[in-house]
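First comes the structure, then the notes that go with it.
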Amino acid sequence: MEFFFTSIARSITKLSSYAILLVLLFSCSIFTSTEAYDSLDPEGNITIKWDVMSWTPDGYVAVVTMFNFQQYRHIQAPGWSLGWTWAKKEVIWSMMGGQTTEQGDCSRYKGNTPHCCKKDPLVVDLLPGTPYNQQIANCCKGGVINSWVQDPANAASSFQVSVGGSGTTNKTVKLPKNFTLRAPGPGYTCGPAKIVKPTKFTTADQRRVTQALMTWNVTCTYSQFLAQKTPTCCVSLSSFYNDTIVSCPTCTCGCQNNLTHPGSCVDPNNPYLASVVQSPGKNSYQPLVQCTSHMCPIRVHWHVKLNYKDYWRVKITITNFNYRMNYTQWNLVVQHPNFDNLTQIFSFNYKSLTPYAAINDTAMLWGVKFYNDLLSQAGPLGNVQSELLFRKDKATFTFDKGWAFPRRIYFNGDNCVMPPPDAYPWLPNASSRPIVSLLYSILTILAASVIVLAYA
Ligand SMILES: *[C@@H]1O[C@H](CO)[C@@H](O)[C@H](O)[C@H]1NC(C)=O
Ligand SMILES: *[C@@H]1O[C@H](CO)[C@@H](O)[C@H](O)[C@H]1NC(C)=O
Ligand SMILES: *[C@@H]1O[C@H](CO)[C@@H](O)[C@H](O)[C@H]1NC(C)=O
Ligand SMILES: *[C@@H]1O[C@H](CO)[C@@H](O)[C@H](O)[C@H]1NC(C)=O
Ligand SMILES: *[C@@H]1O[C@H](CO)[C@@H](O)[C@H](O)[C@H]1NC(C)=O
Ligand SMILES: *[C@@H]1O[C@H](CO)[C@@H](O)[C@H](O)[C@H]1NC(C)=O
Ligand SMILES: *[C@@H]1O[C@H](CO)[C@@H](O)[C@H](O)[C@H]1NC(C)=O
Ligand SMILES: *[C@@H]1O[C@H](CO)[C@@H](O)[C@H](O)[C@H]1NC(C)=O
Ligand SMILES: *[C@@H]1O[C@H](CO)[C@@H](O)[C@H](O)[C@H]1NC(C)=O
């Protein structure tokens, strides 16, 4: 009799794990097909605002500000570049806090030469240490913009342009078109400029409010699909209850190929490591990774470390395998159902990303300033670690069926590839369960099939 029940339990458990697998696969495919829309940051965007501050005899002076309204996606060195196409025959007479990358053909101007005569100028930020008389507020950070959650005070970047050859009133001026934002690679798509209510500015002493003569906004949104075809990050798993270390799926971010692409990765034991790393590649922002089976620049490891009566503990390690990148202001977004009862986090900052939603399961984690906010290039220092302490909710907590592992992880806003769910470390003797768990399995199957039906 007992044998009978166990074997039923066994086959039902198997079935239910297939059902869970199915659901996971379904949600994965849904996730990839709508990647331009980020369900964890649905409103996320970069808004570019042009404030016309004064009209000039042949144009205007405007302050252009980019606000990063994304919760966890930032722009790191070498920074943003912003391009557009002029609607008429405009030129840029001068700039502060930024510059165009090319001047273009200004030969039709005698005497006073403009800063840029191109029809499609490309603007970049100035570097830190720019002389004060060329700076404006929020400029000169080498194009670095922090994310809204991590550092709202540094989530904007500004420059000033003096434009000639344009309209000189709010009726005659034509808005620039075809905005492009690179950060520094592709990924952002910008909409058309729209005239909005003029911005109001409050003086520092709060005693007077002034306003722009005219304002227009451009909104740019990010899509990981546009940004790159291959992933850049993967997840590995381990637990105290099983010796298996589930490593990142092989070839997640590329394959080692010594025949067709010699030097596609670097062997850490190579005696000439330093010179290989320093040799300037074709594109020095292309990652140069350590040879691993996954070939990803970033690996996030989730270790289920300890089990207490009322709590359980996880250790997270982020490892950098890229010899060409120090990740400044890195961040991680992690989805796990127990984040609604996170009790303590060591040596990382934490913010709940969905604090008011019915399912409060998503956390943003990032480094502590001057301690571990820099994830150093590949090598002995190229990792950061933290431990999380969760309070068990008796109704949901289990080490069974991979529940203790994360559902989704982003590094710097890009999705990290997880191992397949059937490879997760198992609980020892996971097949012999009490009747309660049999009931649980049946419920799970029911719930899963309802979900599958809903998706279908
Ligand atoms: C851009 O983000 C801001 C701040 O979250 C939001 O108010 C605005 O609606 C967003 N714009 C678009 C077009 O999504
Ligand atoms: C242009 O300026 C006039 C006042 O000079 C104002 O009434 C009008 O609303 C402005 N139009 C726009 C589009 O800003
Ligand atoms: C918009 O910009 C892109 C890239 O700079 C260019 O390829 C395209 O032709 C431009 N479109 C128009 C209508 O100017
Ligand atoms: C225009 O951009 C500014 C700053 O990003 C924002 O505060 C404002 O709400 C935007 N206006 C519209 C209509 O989107
Ligand atoms: C490529 O080189 C790495 C290290 O140099 C080595 O471990 C790996 O086996 C090689 N792969 C092939 C296909 O030769
Ligand atoms: C990373 O930072 C270290 C220490 O500041 C520096 O020596 C190294 O050159 C940097 N690496 C890169 C790729 O920028
Ligand atoms: C969500 O979780 C965070 C962290 O545990 C907590 O501070 C917050 O109050 C929770 N929100 C709700 C609505 O439960
Ligand atoms: C876990 O969090 C949820 C929602 O915030 C709360 O209702 C529940 O009581 C918490 N459980 C424990 C054991 O603290
Ligand atoms: C550990 O988990 C693996 C699956 O990743 C499983 O094959 C193995 O049997 C488990 N070990 C024990 C002792 O349960």
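Order of appearance sets the numbers: ligands from 1, and atoms from 1 within every ligand. The model shown is predicted, which means the values in this text are computed figures rather than measured ones.
Protein heavy atom in closest approach to atom 10 (C) of ligand 6: N326 ND2, 2.5 Å. Annotation: atom 1 (C) of ligand 1 to nearest protein heavy atom, N45 ND2, 1.5 Å. The protein atom (non-hydrogen) at minimum distance from atom 9 (O) of ligand 1 is E43 OE1, 3.8 Å. For atom 13 (C) of ligand 1, the closest non-hydrogen atom of the protein is T219 CG2, 3.6 Å.
For ligand 4, the atoms closer than 4.0 angstrom to any heavy atom of F67 are 4 (C), 5 (O). Less than 4.0 angstrom separates some heavy atom of K49 from each of these atoms of ligand 4: 2 (O), 3 (C), 4 (C). The ligand atoms of ligand 4 that sit less than 4.0 angstrom from a heavy atom of F69 are 5 (O). Atoms of ligand 6 found under 4.0 Å from any heavy atom of R324, numbered from 1 in the order shown, are 13 (C). Atom numbering of ligand 4 starts at 1 in the shown order; those under 4.0 Å from a heavy atom of T47 are 2 (O), 5 (O).
Ring orientation note: the planes of W330 and F348 are nearly perpendicular, at an angle over 60° on the 30°/60° scale. The aromatic rings of H336 and F339 sit perpendicular, their planes meeting at an angle over 60°, well past the 30° parallel limit. Taking the six-membered ring where tryptophan is involved, the planes of W84 and F159 are essentially parallel, since the angle between them stays under 30° and well short of 60°.
Side-chain N or O atoms of N68 include none that pairs as donor or acceptor with a backbone N or O of W148 at under 3.5 Å. Between the side chain of T244 and the backbone N or O of V246, no donor-acceptor pair lies under 3.5 Å. The main-chain N or O of W86 is found under 3.5 Å from a side-chain atom of K119 such that the two form a donor-acceptor pair. Of the possible donor and acceptor atoms, none in the side chain of D51 sits under 3.5 Å from a partner among the backbone N and O of M53.
Looking at Q377 next to ligand 6, an N or O pair under 3.5 Å apart turns up. The N/O atoms of Y323, backbone and side chain alike, include none that comes under 3.5 Å of an N/O atom in ligand 6. For a threshold of 3.5 Å applied to N or O pairs, the pair formed by N217 and ligand 4 contains at least one separation below that value.
Proximity of W55 to N170: side-chain heavy atoms (C-beta onward) are separated by under 4.5 Å at one or more points.
Within a 4.0 Å radius of atom 7 (O) of ligand 6, the protein contributes no non-hydrogen atoms.
Heavy atoms of other residues, nucleotides or ligands lying less than 6.0 angstrom from NZ of K89 number 12 at most.
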